[in-house]
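Step one of this worksheet: look at the structure below.
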Amino acid sequence: MKHYQVAVYPGDGIGIDVTAETMKVLRAAESRCGFRIEATEMPWGCAWAAHHGGHVAPPDFLDTLRPFDAVFLGALGMPSAIPDHISLVPLIRMRQVFDQYVCLRPARLLEGAACPLTGREPGDIDLVVVRENSEGEYTATGGSFRVNTPDEVSVQTAIHTRKGVERILRYGFDLARRRRCRLTMATKSNALNYSMVMWDRVLASVAPDYPDVVSDKVHVDALAMLFVRAPQRFDVVVASNLFGDILSDLAGAVVGSLGLAPSANINPERIYPSLFEPVHGSAPDIAGKGIANPLAAIRSAALMLDFLGEADAAAVIETAVTDAVRDGRVLTPDLGGHATTPAVGDDVAARVAVVKPL
Ligand code: NAD
Ligand code: IPM
Ligand code: MN
């Protein structure tokens, strides 16, 4: 039987609740499919910081995580206790130091999920945002000067490398080949005249290597509009770090709820552990209420199993989630239901034991 070492990092707010439900579903998948997840829980986050000198994770947390096969994260952030730009540092460090340069954020309209757009049927929307996850707008390059004076100046520089842009585009093209052979790149070269003009150039240089994939580029503002007006147009959408962040929340909402949106932060070379987490955050507005939707986290665990080589288990979990949404009896309020977070976890775990995978 295969064993996998997984660091489980619930984090803050609803991250803790949705991780607990994900573990139930993983245990059900283990029993059914015959593998073992050795879970090591990392208690880090804003509550932990209160007893550890204000640090949200130990200074050597990356060394602690490095030997694991994967990291599963709930969500980070509790802005009432610690400013987000401090409490979220471990997330961005994991992505960058572990060279998880691909962030996959699939969005598929499921039967039973209320699409906020009129006239869209299940199957109409099935796209993946492929977000550049290691550089771009997130390199923390800059500084502030004359802070809290009328003359304050802040500079934040985005860093886009040709290597970084090319590798994410090639990943997107390879993925498109396994899907519907369409790739759209988010640009903004009408205003960002160095960075996005380079993205355009790299697309033009890479696309001829994939003659079977139809590719285009769309300015990100128009792309946001098209996610609402014509989401059926998209298959693989490649975007810079910040553009991909924004587009993936929108994609989640368009298919019914952010509470359904999974993500995988992948180091394709498998030199470092990859990181799996829902797209959503710690949702302080509903934390502690027992109504967070755990399905995004559960689907992120399915992405993790798929990446680890347990494709059958991943398919079983995705089928169980699909069935639960179609059935509609045990869903949280974001999907129009009345169920609690643990009730949804129990329901999906029970389904995992019996469903026929797609
Ligand atoms: P958020 O994603 O936490 O919440 C946005 C809205 O969606 C809220 O109204 C929330 O209640 C709702 N929502 C989110 N997930 C849900 C779920 N599973 N079920 C039902 N409703 C859900 O975004 P925010 O409010 O901008 O950020 C809150 C905190 O989370 C901040 O500290 C932010 O920095 C952090 N954050 C962390 C991550 C992460 O850890 N990956 C991602 C995004 C935001
Ligand atoms: C996400 C989040 C993070 C991001 C924040 C919390 C740093 O919004 O994972 O989508 O911007 O990448
Ligand atoms: Mn985000």
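All ligand and atom numbering here is 1-based and tracks the order in the structure.
- Not a single heavy atom of Leu295 sits less than 4.0 Å from an atom of ligand 1.
- Annotation: atom 6 (C) of ligand 2 to nearest protein heavy atom, Leu88 CD1, 3.4 Å.
- The cationic atom of Arg167 (NZ for Lys, CZ for Arg) lies less than 6.0 Å from the six-membered ring centre of Tyr101 and within 45° of the ring axis.
- Among protein heavy atoms, atom 29 (C) of ligand 1 sits closest to Ser282 OG, 3.2 Å.
- Near Pro284, meaning under 4.0 Å from one of its heavy atoms, ligand 1 places the atoms 28 (C), 29 (C).
- Within the 4.0 Å heavy-atom criterion, the part of Arg105 lying near ligand 2 is the side chain and not the backbone.
- Ring geometry for Phe61 versus Trp44: interplanar angle over 60°, hence perpendicular rather than tilted (30 to 60°).
- Counting protein heavy atoms under 4.0 angstrom from atom 9 (O) of ligand 1 gives one or more.
- Counting protein heavy atoms under 4.0 angstrom from atom 26 (O) of ligand 1 gives zero.
- At a 4.0 Å heavy-atom cut-off, ligand 2 touches Arg95 through the side chain alone.
- For a threshold of 3.5 Å applied to N or O pairs, the pair formed by Val279 and ligand 1 contains no separation below that value.
- Looking only at heavy atoms of the protein, atom 16 (C) of ligand 1 is closest to Ile14 CD1, 3.9 Å.
- Under a 4.0 Å heavy-atom criterion, Leu258 is in contact with ligand 1.
- In this structure, the protein non-hydrogen atom closest to atom 14 (C) of ligand 1 is His280 CB, 3.7 Å.
- Here Asp249 fails the criterion, with no N, O or S atom under 2.8 Å of the Mn ion (ligand 3).
- Counting heavy atoms of neighbouring residues, nucleotides and ligands inside a 6.0 Å radius, atom NZ of Lys188 exceeds 12 of them.
- Ring planes of Trp199 and His160: perpendicular class, angle over 60° (limits at 30 and 60°).
- Shortest contact from atom 1 (P) of ligand 1 to any protein heavy atom: Gly281 N, 3.5 Å.
- Distance from atom 18 (N) of ligand 1 to its nearest protein heavy atom, with residue and atom name: Asn293 O, 2.9 Å.
- Near Ala292, meaning under 4.0 Å from any of its heavy atoms, are these atoms of ligand 1: 19 (N).
- If you number the atoms of ligand 1 from 1 as listed, the ones under 4.0 Å from a heavy atom of Pro79 come out as 32 (O).
- For the pair Arg299 and Phe276, the cation does not sit on the ring face, since its NZ or CZ is not both under 6.0 Å from the ring centre and inside 45° of the axis.
- In terms of protein heavy-atom proximity, atom 41 (N) of ligand 1 is nearest to Glu277 OE1, 2.9 Å.
- At a heavy-atom cutoff of 4.0 Å, ligand 2 is contacted by no atom of His280, backbone or side chain.
- Per-atom contact check: atom 34 (O) of ligand 1 touches the protein, criterion being a heavy-atom distance below 4.0 Å.
- Scanning the protein heavy atoms around atom 11 (O) of ligand 2, the nearest turns out to be Tyr138 OH, 2.6 Å.
- A cation-pi arrangement is absent between Arg93 and Tyr138, since the terminal nitrogen or guanidinium carbon is not both under 6.0 Å from the aromatic centre and inside a 45° cone about the axis.
- With respect to atom 12 (C) of ligand 1, the closest heavy atom belonging to the protein is Ala283 CB, 4.5 Å.
- Looking at atom 32 (O) of ligand 1, its nearest protein heavy atom turns out to be Asp84 OD1, 2.6 Å.
- Nearest protein neighbour of atom 2 (C) of ligand 2, counting heavy atoms only, is Asp245 OD1, 4.0 Å.
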